[in-house]
Amino acid sequence: MKLHTIAGVFAAATLFVSCKKEESKKADDQNTTSEMPFDYVAEQFADIKVLRYKINNFENLTLKEKELVYYLTQAGTAGRDMMWDQNYKHNLKIRAALEQIYQTYSGDKNNKDWLNFEIYLKRVWFANGIHHHYSMEKIKPDFSQAYFETLLKETKTSLNSEVVAVLFNDKDSKKVNLNEDLGLIAGSAINFYDAGISDKEAVDFYKAIKPIDPKRPYSYGLNSKLVRNAAGKIEEKVWKSGGMYGPAIDKVIYWLEKAKTVAENQKQGDALGLLIQYYKTGDLKTWDDYNIAWLQATEGNIDYINGFIEVYNDPLGARGSYESVVQIKDFDMSAKMEKIGHEAQWFEDNSPLFPEHKKKKVVGVSYKTVIVAGEGGDSSPSTPIGVNLPNADWIRAEHGSKSVSLGNIVEAYNNVGGSDRLKEFANDAEEIALEEKYGEEADKLHTALHEVVGHASGQINSGVGTTNETLKSYASTLEEGRADLVGLFYLYNSKIQELGLTDNWKNTGMAAYDSYIRNGLMTQLVRLEPGADIEESHMRNRQWVSAWVFEKGKKDNVIEKIVRDGKTYFNITNYEKLHGLFGQLLKETQRIKSEGDYKAGKALVDTYGVKVDQKIHKEVLERNAKFKSAPYSGFINPLLVPKMDDSGKIIDIQVTQPKSFAEQMLYYSKNFSFLPMDN
């Protein structure tokens, strides 16, 4: 599971033989600017701000560690095109056409149409396709179809007329649709199902598969596309070497095999071996074996995430989007934050859950603050700030989980932050002062508690199926809300001060509660177009959590809605009672998960998390219009460049920063495009 920061809204804390010559040439092609003073902000366009991050202390790694980081980042980037194709079946050909126009057009580049074309291309790059990375809506070009067809003609670029029309019409308008009335699959443009396959057919296909061990079910559907064969029967196209996405997966395997040769220890090497075997076979038992081995590989300075993992992009919650994050341990911060993991059993024992929903023994919880060295697929350019894996509940229960906070990503957000939006939407000076003094600390602690304690807590009742089977399209938002609630419940608790994580637990908790309610009920709405419902799982969970406690606390005026000078504010009047309400909601949300209560989960999300107060939304957009900072942020990745001796042996790895977002995107397309246009 991934935690996305609200810093996109408030960018302050409120989280070789054959390859030797090719590598040298790549470095020359990239035209980097490593000698320039570090600048966190690369550029801004539309609703996007593109940032840079530093790989702190990379120079202090050993050469072997640097090589491991390099090979793992190459493996991550090698799978990039899989994410593009997963997001929409025509994305690769659309990207190729847009990039050819961008690089070869010799006409007027100062007129409004061309400038809007450039912005459109950058938005598509940022989203890994033509659908917005957060709202899921198709990105609308601010130029006409006639102008685009002129660009195609003048640059001799080919693109099927039906695909051209899709860019401008209402077809495939939403990447992920969660409105069951429209059909979850039929209403989604995501490339996980053949056209014409119904929700029922997909569900029935997996129901017919009898688990080998019902207590340890495989993640059926995680690494495949569901298609209808020539005989009309439903079958899987598995993402593996020799299967769908084979050419890209073979490149991923190539770099993972190199990484295995410089593994820091036996357990890390064994885990990499299992990941390679999984990519070669597509076998889900091997995927589980790999996850267990990866969990047990806790020694060493380097770690990684690689695979088809998060299921947010599948309306049925089964198929994993490709992603990669390469990490270097931040020793100072990890030593402090690991205290939360060591106390995981205390947090479980003292939670407000029903006794039968608590884990009797929390095992294998690890937590680290890490320095990101490279990201790919679903984690780039838009990135999480915290990750907790693996996702399989039975593996968590028997073997534990790994949690990481992406420290240098949070650092980058903090370095481009400001307080103007805070002052606009906070109720009073006291709220502002709390946020400015304790907000960053509260944000980090909430990330840690969400990932380490939240996702690791609770258990599903015996005989109840996996959440994608029981809670269906509501599983992701309910799980993210449940983890948020665990964090919120314990942020206002003296335990975090006893652990030395804050010098004032009440002030830290108050700052966290202020920020969460302010964001959940108001400020996150800057991400939506007027009249839109909320679709994204994390955004839904922040609203249903906030709206539920607001409504349930009305009798005691726990959160008061204030209108002053035509502006709305939400003021928490009783933090103790709000803490209690968070506990009540956590108890109910865990019950829903533990019992697989689809009806109650659907009612909770639909009632509080989907519809937007249009009057508040209009007001928030008007108040936010004066701020120039974009509501969404993402990152350019640093480039790791190997330095060779005369024999072609790597003697060092250097970190460089691309000049621009466009430069990196074109570099990736030139050097990491391994898939055909249709897959």
Side-chain angles (χ1 to χ4, degrees), residues 4-15 36-53 110-127 132-135 137 139-143 381-383 385 409-427 431-432 435-436 439-440 443 515 518-519 521-530 532 536 539 565-569 612 616-636 657-665:
H4 288 270
T5 182
I6 62 171
V9 179
F10 293 105
T14 337
L15 223 180
M36 296 177 65
F38 196 85
D39 185 358
Y40 285 97
V41 180
E43 60 185 291
Q44 182 169 307
F45 50 86
D47 57 354
I48 302 298
K49 182 161 52 183
V50 180
L51 309 177
R52 299 184 178 92
Y53 60 88
N110 294 311
N111 65 55
K112 186 177 180 180
D113 281 336
W114 176 259
L115 296 177
N116 285 334
F117 170 80
E118 288 185 323
I119 291 171
Y120 178 72
L121 171 56
K122 290 178 182 179
R123 295 183 73 190
V124 171
W125 276 333
F126 191 89
H132 195 279
H133 73 287
Y134 207 87
S135 73
E137 300 284 350
I139 301 168
K140 299 177 181 177
D142 287 325
F143 51 86
S382 178
T383 173
I385 58 169
I409 297 297
V410 175
E411 174 190 272
Y413 281 131
N414 291 337
N415 273 279
V416 298
S419 62
D420 287 346
R421 276 199 181 98
L422 170 64
K423 292 175 182 177
E424 174 63 39
F425 290 100
N427 177 56
E431 186 176 329
I432 294 168
E435 176 64 33
E436 290 180 336
E440 181 176 350
D443 226 20
S515 177
R518 189 171 60 242
N519 185 53
L521 295 180
M522 283 201 305
T523 56
Q524 71 169 358
L525 298 179
V526 302
R527 298 181 170 205
L528 295 179
E529 294 293 328
E536 201 277 333
M539 195 171 173
D565 299 327
K567 295 181 178 181
T568 303
Y569 304 89
V612 175
I616 290 283
H617 190 195
K618 182 175 184 293
E619 176 194 324
V620 168
L621 292 176
E622 289 172 351
R623 290 167 68 180
N624 186 69
K626 62 186 175 184
F627 303 114
K628 294 181 180 180
S629 181
Y632 300 100
S633 295
F635 290 86
I636 291 173
Q657 291 286 344
K659 284 182 179 179
S660 68
F661 183 51
E663 181 187 79
Q664 177 152 95
M665 293 297 101

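The model shown is predicted, which means the values in this text are computed figures rather than measured ones.
Residues passing the side-chain hydrogen bond (donor to acceptor under 3.5 Å, both in side chains) test with D142, sequence neighbours excluded: none. Applying the side-chain hydrogen bond (donor to acceptor under 3.5 Å, both in side chains) criterion to E137, with sequence neighbours excluded, gives K174. Considering only residues two or more places apart in sequence or on other chains, Y120 meets the ring-ring contact (aromatic ring centres under 6.0 Å, His included) condition with F143. In this view, E529 satisfies the side-chain contact (heavy atoms from CB on, under 4.5 Å) rule with no residue, not counting sequence neighbours. By the salt bridge (charged side-chain N to carboxylate O under 4.0 Å, His left out) test, K628 pairs with no residue at all, sequence neighbours left out. When the side-chain hydrogen bond (donor to acceptor under 3.5 Å, both in side chains) test is applied to T568, the partners found at least two apart in sequence or on another chain are E619. Every residue two or more places apart in sequence or in another chain that forms a ring-ring contact (aromatic ring centres under 6.0 Å, His included) with F635 is listed here: Y53, Y413. For the salt bridge (charged side-chain N to carboxylate O under 4.0 Å, His left out) test, no residue two or more places apart in sequence or in another chain qualifies with E411. By the side-chain contact (heavy atoms from CB on, under 4.5 Å) test, K423 is found to be paired with S419, I432, E436, residues two or more places apart in sequence or in another chain being considered. For K140, there are no side-chain hydrogen bond (donor to acceptor under 3.5 Å, both in side chains) partners two or more places apart in sequence or in a different chain. Residues satisfying the ring-ring contact (aromatic ring centres under 6.0 Å, His included) test with H133, not counting sequence neighbours, are F126, Y632.
Contact of the D420 side chain with the E424 side chain is not registered, since no non-hydrogen atoms from C-beta on lie closer than 4.5 Å. Counting heavy atoms from C-beta on, the side chains of Q664 and P381 never come closer than 4.5 Å. Residues L525 and L621 are not in side-chain contact: their nearest non-hydrogen atoms beyond the backbone lie 4.5 Å or more apart. Using a 4.5 Å heavy-atom cutoff, the side chains of M539 and L528 are in contact. Two residues are said to be in side-chain contact when any heavy atoms from C-beta on lie closer than 4.5 Å; R518 and L422 meet this criterion.
Residue pairs satisfying the salt bridge (Lys or Arg N to Asp or Glu O under 4.0 Å) criterion with at least one member in residues 112-125, sequence neighbours excluded, are listed as follows: E43-K122.
Here NZ of K618 is found 13.0 Å from CZ of R623. Values are rounded to the nearest 0.5 Å. Separating the CD1 atom in I119 from the CD1 atom in I139 is a distance of 12.0 Å, to the nearest 0.5 Å. For the atom pair CZ of F45 and CG of L115, the computed distance is 14.0 Å after rounding to the nearest 0.5 Å.
Of all heavy-atom pairs between A630 and A46, the closest is CB-O, 4.4 Å. Annotation for V620 and F425: closest pair O-CZ, 4.0 Å, computed over non-hydrogen atoms. Residue D39 comes nearest to R52 through the heavy atom pair O-NH1, 3.1 Å, listed as atom of the first residue, atom of the second, then distance.
Checking side-chain atoms of R421 against main-chain N and O of T523 turns up no donor-acceptor pair under 3.5 Å.
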Run the numbers on H132 and D47 for side-chain contact (heavy atoms from CB on, under 4.5 Å), then give the verdict.
CA-CA 10 Å; H132 195 279; D47 57 354; 2.9 Å; yes
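Taking a cutoff of 4.0 Å between a charged side-chain nitrogen and a carboxylate oxygen, R527 and E536 do not qualify as a salt bridge.
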